[in-house]
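Following: one structure in structure tokens, then a few remarks.
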Amino acid sequence: MSTPSAARSWSRVRSLHCLLAGLVGLTILPVFILSLVNHLQDRAQERENATSVAARAAALVARSLGEETTGAHTLLAVLAGESALRAPDKTQRQQALEGFLRKTTGYANLLLAHEDGSIAASALPVRRGPVDASIVAEAFSSGGFAVGVLPPDSSHPDEPPLVQYAVPTHNGDERLALVAQRPLDEVTRFFTEADLPAGTTLVLTDKDGHILFRLPERAGVLGQTLPPGQEAMLRGTDAEFHGWGTGMDGVERYYVVKRLFLCREGICFVKVGIPRQAVYAQSGEKLARHLTALAVIVLLTLALARVWARRHILVPAASVMETVRALQAGDLAARTGLADRRGELGELADAVDHMAEALMRHHAEREASRRALFESEERLRAVFNASSDGMLLLVPNGHVLAMNQSAAHRRGKSPEELAGANILDLIPAHLRAARLEHYTEVMHTGAPLRFEEERDGRTYAIRLFPVRDQSGAITQIASFSRDITERKLAERALTSAKEAAEAASQAKSAFLSNMSHEMRTPLNGLLGMLQLLQRETDPAPRDEYLAWAIESGQQITRLINDILDYAALGTGEERIRIAPFRLSEVFTPLAAEYAARASAKGLEFATKAAPGLLDEFLMGDARHLSQLLRQLLDNAVKFTHSGEVLLTASVFCKDADTCTLRIQVSDTGIGIAPEATDKVFTPFVQAESPLTKSHPGAGLGLALARELAERMGGGLDLESRPGGGSVFTLSLSFLPANEA
């Protein structure tokens, strides 16, 4: 049993045998080519001879048909003028046709036909039905002569086709055509008498390839269509054309086709075909003799060449090939053992052995390089995936080539799952157009690009860097994204703190300016009244000066008390004390005090409360409630120049234990602009500028009021509009208390 190695060796030796055979073949090839060229020349000459014979036969048929057509035209033109054909009696016309037919030779019948092809008179009984109406119509339309071929009908399939000639004639108002019919086989009878090769055929077809006539006759072919290959020969525009084709009998022939103007629409074809065997009979025998002699020469040459080449070429070459195969399979220790052999094969063997040694060294170097490359890739992969920044390598249209774990985890997937995806499909739709513009800008400018992007409530700083190939063209884009949300929040917090500090600084500056004004005005008034009081001896003016001094002192006291109260609330020293009280204990002193102050300015002051509410016991801090309402009433009286100030109270209870007390201070004063409604509750801030204000105050009253409201667990709201007055609403949750 042969081993695979032996099978491979035999395959290689066999391939060398083929090479030697090919060399011998190349040596013999010129002789073979000369034989073929000679054969082709012989065949071309034979084909030219066949073409000439077939063309001559087709020309004879065409000429015969042409001469017959010319004679028929002359005959019918003469007969059409005979008066006997215009006789009104059909019998007389028929007798005239019979007389004409006896005087002519070769015609099968003479007829008079109507325009629709029906027969008006006939020299002989008609066996094939009416005349072809198209021939009659053509004769009338041309006003002269028409010719066509009438194929045999199904009732007489063995009869030959008839050539029909027609000329128009008139019998009064009756339009008739004189038609002469002639058997087609009489026109082509010379074909059977000609010295043509055996199997030569003559075929007459219409323009669509339907067979009208065939010699030798063959049953069942009349009326059929030529095979597709031969039918294509009829589509040319030349008067004569030729080529190879297979007949309906399965025999391949060389055909010559001539165009005739006999059939309907003026076109039909005569086709003469000579069998291939008859065309190439002599050249085929000559080629067979030459090839036999050449084959004997080739076999003898191959036998001698193999004996010599086996010793000097085949065996050494097989050894070299075996070594090359072993090296290809990975056995780098294989050698030829033919290095000491002389000649080209010895040099080839030596070169193969040196190549094997070089391959062994290269393999060792490649393994070392591969290990180094693997370690380098592992280090790079570790750095790539260890980064907290999202790193991507993209093609310019956004498809991902590589992605580290941070970038993939942001999207809830692994890098393997997102490999090959398009990054534009992984970001919100409203960001895709801008991102694609950034990629396009990097491709066009070749410069890195940095920008920030917000998505899913996070802020990312993105850097794009172009990646170039060896030619300098940008082929990829490296994208680095860092989540800077916390940094942005910190920056915003710092900005807010800075703005708050600046606002506080400005508020303190305004406060100092305001306080200097607020303190200086009553102090100047107090000092002035005291100086006047010192110089005045009359009791009446002294009492007035003393009253003004007391009022200035009280104003300074209220201002200092507001500052101290707000400072106490800020430090937590001022505590809310819950105790039972009646609302009347708060409202009655306030009504007495502010009714007088309002009346002094010409204002109306009133209090309103739900029935029984003022006498209801509540749990709360009455002192701080009174202090809060004083701040609101002070503002209302101060900023109201006409109209009224109203203090109302109402209560809303959810259940028996929880009630909400709602107290409103409303006025018809100057009101507050919408943009200033929030800042009036800020400490040391007033709706008026400190340098241009027309009303005294430190800007602490409303801030103190809101702080007290929040300390008591409630809220203070403001509704106001410039020139329409203001409404301050205090909402407090008080627990009803049982009367002691």
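Just so it is clear, the structure is predicted and the values come from calculations on it, not from any experiment.
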If you define the side chain from C-beta out and look only at heavy atoms, does anything of I423 sit under 4.5 Å from Y439? yes
Mind checking the CG-NE2 spacing from L424 to H399? Nearest 0.5 Å is all I need. 9.0 Å
Quick check: closest heavy atoms across P466 and I474, and the distance to 0.1 Å? CB-CD1, 3.8 Å
I need the minimum non-hydrogen distance between V645 and A636, along with the two atoms involved. CG1-CB, 3.8 Å
Looking at E454, E453, E452, which one forms a salt bridge (charged side-chain N to carboxylate O under 4.0 Å, His left out) with K488? E452
Decide side chain to side chain contact (heavy atoms under 4.5 Å, CB included) for T588 and L614; before the verdict, give the C-alpha distance in whole Å, the side-chain angles of both, and the deciding distance to 0.1 Å. CA-CA 9 Å; T588 300; L614 295 179; over 6 Å; no
Testing L632, I670, I672 for side-chain contact (heavy atoms from CB on, under 4.5 Å) with S726, which one passes? I672
Trace of the side chain to side chain contact (heavy atoms under 4.5 Å, CB included) decision for R597 with L603: CA-CA 8 Å; R597 292 176 60 180; L603 304 175; over 6 Å; no
Note, D667 side chain near F639 side chain (heavy atom, < 4.5 Å): no
From T440 OG1 over to I477 CD1, what is the distance, rounded to the nearest 0.5 angstrom? 8.0 Å
Just so I know, are the side chains of F587 and L613 near enough to count as touching, which here means a heavy-atom distance under 4.5 Å? no
CZ of R435 to CG of L394: how many Å apart, nearest 0.5 Å? 8.5 Å
With side chain to side chain contact (heavy atoms under 4.5 Å, CB included) as the test, would you mind laying out the steps for H624 and M712 before giving the verdict? CA-CA 9 Å; H624 284 104; M712 289 187 290; 4.2 Å; yes
Between atom CG of L661 and atom OG of S731, what is the distance when rounded to the nearest 0.5 Å? 8.5 Å
Determine the minimum heavy-atom distance between S666 and V727, stating which atoms define it. CB-CG2, 3.8 Å
Could you tell me whether the side chain of E719 reaches within less than 4.5 Å of the side chain of T729, counting heavy atoms only? no
Kindly give the heavy-atom pair with the smallest separation between T668 and G643, and that separation in Å. OG1-CA, 3.2 Å
Mark yes when over 12 heavy atoms from residues, nucleotides or ligands other than R721 sit less than 6.0 Å from its CZ; otherwise mark no. no
Minimum side-chain heavy-atom gap L583-L625 below 4.5 Å: yes
Any sub-3.5 Å donor-acceptor pair from S720's side-chain atoms to G725's backbone N or O? yes
Which pair of heavy atoms, one from V467 and one from A478, lies closest together, and at what distance? CG2-N, 4.0 Å
Does E604 have more than 12 heavy atoms from other residues, nucleotides or ligands lying within 6.0 Å of its CD? no
May I ask you to decide if A595's main-chain N or O and S599's side chain share a donor-acceptor pair within less than 3.5 Å? no
Quick one: CD1 on I484 to CD on E491, what's the gap to the nearest 0.5 Å? 7.0 Å
Just do the side chain to side chain contact (heavy atoms under 4.5 Å, CB included) check on F605 and L633 with the steps written out, would you? CA-CA 10 Å; F605 182 86; L633 290 170; 3.8 Å; yes
State whether E585 and R623 are salt-bridged, where the test is any N-O pair (Lys NZ or Arg NE/NH1/NH2 against Asp/Glu carboxylate O) under 4.0 Å. no
Is there side-chain contact between I462 and S479, with at least one heavy-atom pair below 4.5 Å? yes
Heavy atoms from other residues, nucleotides or ligands near CZ of R482 exceed 12 (cutoff 6.0 Å): no
Distance (rounded to the nearest 0.5 Å) between D621 CG and I578 CD1: 6.0 Å
Heavy-atom closest pair, residues R450 and F465: NH2-CZ, 3.9 Å
May I ask you to check whether over 12 heavy atoms, not counting those of K608, lie within 6.0 Å of atom NZ? no
Quick one: are F617 and R582 in side-chain contact, heavy atoms under 4.5 Å? yes
Would you check if E486 and R458 make a side-chain contact, meaning some heavy-atom pair closer than 4.5 Å? yes
